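Keep in mind it's a predicted model, so treat the numbers as computed, not measured. Just so you know, ligand 1 is whichever comes first in the structure, and atom 1 is the first atom listed for that ligand.
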Amino acid sequence: MKVIIRNTASEASLWVAHYIAEKINAKAARTDEPFVLGLCTGSTPIETYAELIRMVKAGEVSFKNVISFNMDEYVGLPEDHPESYHSFMHRYLFDHIDEPAENIHILNGNAPDLAKEAADYEAAIVEAGGFDLFLGGIGEDGHIAFNEPFSSLNSRTRVVTLTHDTRVVNSRFFDNDFNKVPKQALSVGVATVFGSREVIIMGYGSKKARAIQAAIEGPYSHYVTVSALQAHENGIIVIDEAAAGELKLNSYKYFKAVEEAEM
Ligand code: GLP
């Protein structure tokens, strides 16, 4: 695992955007095959998406041959609700880039048969060739996508029940009313994310410091599902100084030294 530490969330966000663009461009230079990208929602990726939009408009990268799959969606929330992940993704990314509509995949949390929706999603990912890169955030409890503590580290796309804590944290998007936060979501599994050829996990701010510490220094455990990144060969965690606040000084120095040596 690599850990990239930047002074601020903005600097970290730019690093991630440029990394993704480089990977898309590198694949486009060697093959006509599409670049398959896993995407996340939340406040964390917003600045990265803004930079990708700028880069698309400046002609520095194109999403014309990108196929994307989002990681999760609330169950039962209308697709046009401003806080649905469908709305979020269009608002912050898809409405401003050149990715063809048919390449965009987001789970349908209103599907009549949610188990079938989940199975079809997994099949579509395989059909697309599997993920080249999966971009994820991290929950305050260390969850990846909506894989709450005790999700199997071998889990695949399925219906999940949100923890009380996650619903409290996400109530900020629902008029601070816990009761308005859906109780369930459709989410890719831990194994869906970590089956990607490369994974980037972003965490910014002191609120994420404990989860980041657990992900990097803690045990490989279903209690902190993002810790499964420890078994990935191409995993990168990108954080700001605040999110690095709970790391041991020696870990912090090590990751900084590795980055300096590779620059
Ligand atoms: C939700 C999402 C996660 C996201 C997390 C953190 O739980 N399902 O994918 O990583 O929130 O959100 P934020 O980036 O707003 O802190």
What are the atoms of ligand 1, with element, lying closer than 4.0 Å to any heavy atom of [X]?
X	answer
Met71	9 (O)
Thr44	13 (P), 14 (O), 16 (O)
Phe146	1 (C), 7 (O), 8 (N)

Discussion item. Arg6 and salt bridge (Lys or Arg N to Asp or Glu O under 4.0 Å): which single residue from Glu11, Glu47, Glu259, Glu241 fits?
Written reply: Glu259

Discussion item. Once you restrict to heavy atoms under 4.0 Å, what part of Cys40 touches ligand 1? Side chain, backbone, both or neither.
Written reply: neither

Practice prompt. Could you tell me whether Lys207 approaches ligand 1 through its side chain, its backbone, both or neither, with non-hydrogen atoms closer than 4.0 Å?
Written response: neither

Discussion item. Could you check whether Tyr74 and His81 have their ring centres less than 6.0 Å apart?
Written reply: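 Ring centroids of His81 and Tyr74 are no less than 6.0 Å from each other.
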
Discussion item. Strictly below 4.0 Å, N to O, side chains only: are Glu233 and Arg197 in salt-bridge contact?
Written reply: no

Worksheet item: Is it true that Asp132 and Lys23 make a salt bridge, defined as a side-chain N closer than 4.0 Å to a carboxylate O?
Response: no

Worksheet item: So, Arg91 side chain and Pro82 main chain: donor-acceptor pair closer than 3.5 Å or not?
Response: yes

Distance-only polar pair, side chains of [X] and [Y], donor-acceptor under 3.5 Å:
X	Y	value
Glu51	Ser13	no
Glu79	Ser87	no
Ser68	Glu99	yes

I'd like to know whether ligand 1 has [X] as a neighbour, heavy-atom separation below 4.0 Å.
X	value
Arg172	yes
Lys208	yes
His143	yes

Worksheet entry | Same cluster (ILVMFWY, side-chain, under 4.5 Å), Ile20 and Phe88 |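 Per the 4.5 Å side-chain linkage, Ile20 and Phe88 are co-clustered.
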
Return the residue, atom name and 0.1 Å-rounded distance of the protein heavy atom closest to [atom].
atom	value
atom 6 (C) of ligand 1	Ile138 O, 3.6 Å
atom 12 (O) of ligand 1	Gly42 CA, 4.1 Å
atom 4 (C) of ligand 1	Thr41 O, 4.2 Å
atom 8 (N) of ligand 1	Asp72 OD2, 2.8 Å
atom 3 (C) of ligand 1	Ala145 O, 3.7 Å

